[in-house]
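Both counts, for ligands and for their atoms, begin at 1 and track the order of listing.
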Amino acid sequence: MIKIDANTDIYCILGFPVRHSKSPLMHNKAFEILGVNACYVAFEVRPEDLTDAIKSIRALGIKGANITIPFKEDVIPLLDSISDEARDIGAVNTIKNDDGILRGFNTDGVGFIASLKENLINPKGLKVLVLGAGGASRAIVYSLIKEGAHVYISNRTMQKAILLCNQMRQFSTSIQTLDINDTGARDTISDVSLIVNTTSLGLKPDDLLPIPITYLNKQHIVCDIIYKKTPLLKEASRLGIKTIDGSGMLLHQGVIAFEIWTGLQPPVDEMRKQLEIS
Ligand code: ATR
């Protein structure tokens, strides 16, 4: 247990809702193991209170924060600076408080790539289908193209996929849209190696699949950024297809955030254990 005293540093996550978050468990375990006098708490912030919440990071001297749904984009104008990566992605999930100067970072994309590499998947040259064109998709698409993958983006609202694709073209030309309902889409999909679901389909156990199951084959690796076994992952596993859930991305975005805040190498395996047992 962390011994809280008058010198304990505070880190936090701001979100709405946030009570399901596993981040406090993994970061507090890391502080405890490294003997850092700090603790990490969750604050449920109503959207109308975001500006006040960010001001209180400065006022209370909170050392660092994670930002989650629905604030990753809205928080940007409230910060003093953001990293190039966070600017290119258009979202911040990590804030470091440097003596009152709030700096924004995005560790989601790099965390996603780290979880792929941990599964011995090198994105370079890989054909990847990304389902969804929302906030979570942006970080993943950006990091995949930066790693040299060829990305297809599909989305229920194709206009949003086109917009995202056009924005990301400045970083790589290896990116295009794909409407999975088009004739011929199935052939293109049969040729990709990795399928990544970034849509919210799968959060609820009775959600529909984001892609017809008949489009999947054993050459695919199916990935979800939701950190429980979604209907998509369950169906794919049933067909003998390799699957990766979102727990690795959650872990690694947290590991990178911890390094940004403290400059220390956190105990990754112990943090992973916290995610598994919770
Ligand atoms: P996040 O920050 O988690 O990405 P978001 O920005 O609201 O959240 O994006 C949600 C994504 O899930 C979008 O790609 C959305 O598709 P639309 O752009 O068409 O809204 C997708 N999504 C949500 N509900 C969906 C559903 N029922 N069927 C298909 N896609 C869905």
Side-chain angles (χ1 to χ4, degrees), residues 13-23 44-45 47 50 66-76 82 85-95 104-113 115 128-145 151-168 175-182 185 189 195-216 222-228 230-233 235-236 244-250 253-254 257:
I13 181 166
L14 309 181
F16 187 85
V18 82
R19 296 292 166 217
H20 62 283
S21 174
K22 295 185 176 194
S23 291
E44 191 158 87
V45 175
L50 180 65
N66 282 133
I67 302 297
T68 190
I69 287 174
F71 302 131
K72 289 184 185 182
E73 292 160 44
D74 293 345
V75 79
I76 291 176
I82 62 168
E85 199 172 31
R87 186 201 55 225
D88 292 345
I89 293 168
V92 159
N93 78 323
T94 299
I95 298 173
F105 301 85
N106 190 305
T107 70
D108 284 333
V110 189
F112 174 73
I113 299 294
S115 84
V128 185
L129 170 64
V130 176
L131 304 169
S137 171
R138 300 182 67 83
I140 284 170
V141 166
Y142 175 84
S143 302
L144 282 169
I145 55 177
V151 175
Y152 298 89
I153 310 176
S154 187
N155 194 41
R156 174 178 60 178
T157 314
M158 278 308 291
Q159 203 49 42
K160 272 172 70 180
I162 293 167
L163 200 65
L164 177 56
C165 187
N166 289 342
Q167 287 169 349
M168 291 291 161
I175 182 163
Q176 62 193 98
T177 55
L178 177 76
D179 188 336
I180 59 171
N181 301 309
D182 278 353
I189 294 168
I195 298 174
V196 186
N197 177 41
T198 73
T199 76
S200 40
L201 281 176
L203 279 171
K204 289 182 254 127
D206 55 351
D207 272 346
L208 295 171
L209 300 186
I211 183 169
I213 195 72
T214 51
Y215 283 23
L216 304 183
V222 177
C223 209
D224 211 314
I225 64 162
I226 297 170
Y227 48 79
K228 54 190 182 189
T230 57
L232 173 66
L233 295 188
E235 283 296 302
I244 301 172
D245 67 32
S247 57
M249 176 179 169
L250 173 70
Q253 63 74 33

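- For atom 29 (C) of ligand 1, the closest non-hydrogen atom of the protein is L201 CD1, 3.5 Å.
- Of all protein heavy atoms, the one closest to atom 14 (O) of ligand 1 is N155 OD1, 2.7 Å.
- We find that R138 and D108 are not joined by a salt bridge, their nearest charged nitrogen and carboxylate oxygen being 4.0 Å or further apart.
- For ligand 1, the polar-atom distance check against S137 finds no nitrogen or oxygen pair separated by under 3.5 Å.
- Here the shortest heavy-atom pairing between N155 and G132 reads OD1-CA, 3.4 Å.
- Atom 6 (O) of ligand 1 is flagged as protein-proximal [any protein heavy atom, distance under 4.0 Å].
- Of all protein heavy atoms, the one closest to atom 11 (C) of ligand 1 is T199 CA, 4.0 Å.
- Listed by number with element, the atoms of ligand 1 under 4.0 angstrom from any heavy atom of G134 are 4 (O), 6 (O), 9 (O), 14 (O).
- Using a 4.0 angstrom heavy-atom cutoff, P210 does not count as in contact with ligand 1.
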Inset, instruction - Kindly indicate, with the supporting measurements, whether the criterion side-chain contact (heavy atoms from CB on, under 4.5 Å) is fulfilled by I140 and M249. - result: CA-CA 10 Å; I140 284 170; M249 176 179 169; 4.1 Å; yes
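- Less than 4.0 angstrom separates some heavy atom of A136 from each of these atoms of ligand 1: 1 (P), 2 (O), 4 (O).
- The S200 neighbourhood of ligand 1 comprises atoms 12 (O), 22 (N), 23 (C), 24 (N), with distances under 4.0 Å to a heavy atom of that residue.
- Every residue meeting the side-chain hydrogen bond (donor to acceptor under 3.5 Å, both in side chains) condition with N66, not counting sequence neighbours, appears here in chain and number order: Y40, T94.
- When all heavy atoms of G15 and T68 are compared, the closest pair comes out as CA-CG2, 3.6 Å.
- Taking distance alone, with nitrogen or oxygen atoms compared against 3.5 Å, T157 approaches ligand 1 more closely than that limit.
- Atoms of ligand 1 found under 4.0 Å from any heavy atom of A133, numbered from 1 in the order shown, are 14 (O).
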Inset, instruction - Would you please test D245 and I226 for side-chain contact (heavy atoms from CB on, under 4.5 Å) and show each step? - result: CA-CA 6 Å; D245 67 32; I226 297 170; over 6 Å; no
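- Given atom 26 (C) of ligand 1, the protein heavy atom at minimum distance is R156 NH1, 3.1 Å.
- In terms of N/O distances under 3.5 Å, ligand 1 is approached by G135.
- Set against the non-hydrogen atoms of G132, the atoms of ligand 1 under 4.0 Å away are 14 (O).
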With a 3.5 Å cut-off and sequence neighbours excluded, list the donor-acceptor pairs that the side chains of residues 202-211 form with protein atoms.
unit_1	atom_1	unit_2	atom_2	d
D207	OD2	G202	N	2.7
D207	OD2	L203	N	3.3
D207	OD2	K204	N	3.1

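- Taking both residues in full, the closest heavy atoms of F71 and L14 are given as CD1-O, 4.0 Å, listed atom of the first, atom of the second, then distance.
- Shortest non-hydrogen contact noted between N106 and N93 is CA-OD1, 3.3 Å.
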